[in-house]
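Letters A, B, ... are given to chains in the order of the sequence lines, protein chains preceding strands, and every chain is numbered from 1.
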Protein chains: 2
Amino acid sequence: MALDHAILVSLLEKPGSGYELARRFERSIGYFWTATHQQIYRVLKRMESDGWVDVRDVPQQGRPDKKEYSVAGPGRDALSAWLHAPIEPESVRHDLAVKIRGAAFDDPAALIGEVRRHRQAHTDRLEHYRAGEARDFPSSGADGPPDAERELQHAVLRGGIAYERMMIAWLDDVLATLARFEAGR
Amino acid sequence: MALDHAILVSLLEKPGSGYELARRFERSIGYFWTATHQQIYRVLKRMESDGWVDVRDVPQQGRPDKKEYSVAGPGRDALSAWLHAPIEPESVRHDLAVKIRGAAFDDPAALIGEVRRHRQAHTDRLEHYRAGEARDFPSSGADGPPDAERELQHAVLRGGIAYERMMIAWLDDVLATLARFEAGR
DNA sequence: TCTTGCTATGCAACGAGTTGCATAGCAAGC
DNA sequence: GCTTGCTATGCAACTCGTTGCATAGCAAGA
């Protein structure tokens, strides 16, 4: 049930509407957590009725009004409790790995295109992350007091970058393995 | 709905009962896909009624009888169709990343223990993978004709190893970032 | 005016995944 | 005889996540 907590963190970083949260989940938060607008609206409604968040109607010009959510006391407490409780290392689910093992019983060569597509997607994401890093974290050295929020956001982004690099290298490894079959025939 | 396909792949590698599949999902398959015995039994029942798998009652000595499942023609066709269809790069969900960003609004220092725990879990997994690699893939050089099933299993395992190594390095990075806050106070 | 497109919120239905519980065979040890 | 523990299968209830659809405000351009 960490979607609740992901939303609370995002609202602490900056209050916003369900729609805006959905945008963020396509961008920065989405690097490590995905959610559709449906999920977000549902959770926001539940958290509102539980008193975890406050709502404020915000009239806008040139576009429909929105409801801006911000974290209330009980929501902060709930988040704090979760932050202090241990969680289990996440379970991984890689469709592509299933495909790779399955390809042995079908047509390994047919996998090459698919792996290349995934490699491209990860390359794109890596570039996207690196552009974001250059934009949002330009100074790598010591300049002023350490800002926890900023430093930790950067650390998470570095994790995303490391993940994409690892994936690209691994997919190259897979492609090399597949090429060996081609050569061996 | 890739659990279906993960089960089909596992049954192609070796027929077995729901219980045995659940064991495998705690081991090799579980490196990249998790499932409880409940899910597995439910899916097996559905696939049986759809004619994707065949069942065989196997009496055993010293333990309860089991139902051994193996892949039937339609199941193989369904798997093949899935293997040839493109899939989207998987969406990631990292609870720990949510915690790290959330810690900025709570107590960053309280995160250290949790990050260390996760680091340990990944170290353990890495060792487990490497032991499995040494056991199941002892020969790295060319010895005989390339065996697709074996080579692709090895490639997936190398992916798991690369993932754990990346995670350990990243968690060290996070710990170093947290240590800077401590030093900065 | 009409369509397209983005912002903004939401319902309903379904499918996937989790948790708690229940049953049963058999072995081993107290 | 009783408990503990592993093998083996399964139901029921619930929560989480996905998909399709619906509504509505407003801007811009054909």
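Atom CG of B:Leu44 is separated from atom P of D:dA8 by 14 Å (rounded to the nearest Å). Following rounding to the nearest Å, B:Lys45 (NZ) and D:dA8 (P) show an atom-to-atom distance of 17 Å. B:Glu48 has its CD atom 13 Å from the C1' atom of D:dT9, to the nearest Å. For the pair A:Glu26 CD and C:dA8 C1', the computed distance is 14 Å after rounding to whole Å. Between A:Asp65 atom CG and D:dC26 atom C1' the separation is 11 Å, expressed in whole Å. Atom CG of B:Leu3 is separated from atom P of C:dT18 by 10 Å (rounded to the nearest Å). Rounded to an integer number of Å, the gap from CD of B:Gln39 to P of D:dG17 is 14 Å. Between the P atom of C:dT7 and the CD1 atom of A:Ile40 lies a distance of 14 Å, rounded to the nearest Å.
Across all their heavy atoms, A:Ile168 and A:Arg119 have their closest contact at CG2-NH2, 3.5 Å.
Remark: the B:Arg42 side chain and the C:dT18 base include a donor-acceptor N/O pair separated by less than 3.5 Å. Residue-to-nucleotide contacts include no donor-acceptor pair under 3.5 Å from the side chain of A:Arg93 to the base of C:dG17. The base of C:dG10 is paired with the side chain of A:Gln38 by a donor and an acceptor separated by under 3.5 Å. Between the side chain of A:Gln61 and the base of D:dG25 there is no donor-acceptor pair of N/O atoms closer than 3.5 Å.
For C:dA24, the OP1/OP2 oxygens have no side-chain nitrogen or oxygen of B:Lys66 closer than 4.0 Å. Contact between the side-chain N/O atoms of B:Gln60 and the OP1/OP2 oxygens of D:dA8 is found at a separation under 4.0 Å. Contact annotation: B:Arg63 side-chain N/O to D:dA8 OP1/OP2 distance is under 4.0 Å. Using a 4.0 Å cut-off, no side-chain N or O of A:Thr36 falls inside it from OP1 or OP2 of D:dG17. A sub-4.0 Å separation between OP1 or OP2 of D:dT7 and a side-chain N or O of B:Tyr19 is present. Between A:Tyr41 and C:dT9 there is a side-chain polar atom (N or O) within less than 4.0 angstrom of OP1 or OP2.
Figure legend. C:dT23 is base-paired to D:dA8; pairs are counted as Watson-Crick or G-U wobble with both atom distances under 3.5 Å. D:dT18 is paired with C:dA13 under the Watson-Crick or G-U wobble criterion, all donor-acceptor distances under 3.5 Å.
Remark: the backbone N or O of B:Asp124 is not paired with any side-chain donor or acceptor of B:Glu127 at under 3.5 angstrom. B:Arg158 places no side-chain N or O within donor-acceptor distance of the main-chain N or O of A:Val174, the cut-off being under 3.5 Å.
Using a 4.0 Å cut-off between charged nitrogen and carboxylate oxygen, A:Lys45 and A:Glu48 do not count as a salt-bridge pair. Salt-bridge annotation for A:Glu114 and A:Arg117: present, with a side-chain N of the basic residue lying under 4.0 Å from a carboxylate O of the acidic one. Using a 4.0 Å cut-off between a side-chain N of Lys or Arg and a carboxylate O of Asp or Glu, A:Glu20 and A:Lys66 qualify as a salt bridge.
Between A:Gly62 and A:Arg46, the residue anchored nearer the 5' end of DNA chain D, judged by the nucleotide with its closest heavy atom, is A:Arg46. Nearest-nucleotide positions on DNA chain D place B:Arg23 closer to the 5' end than the other of B:Tyr69 and B:Arg23.
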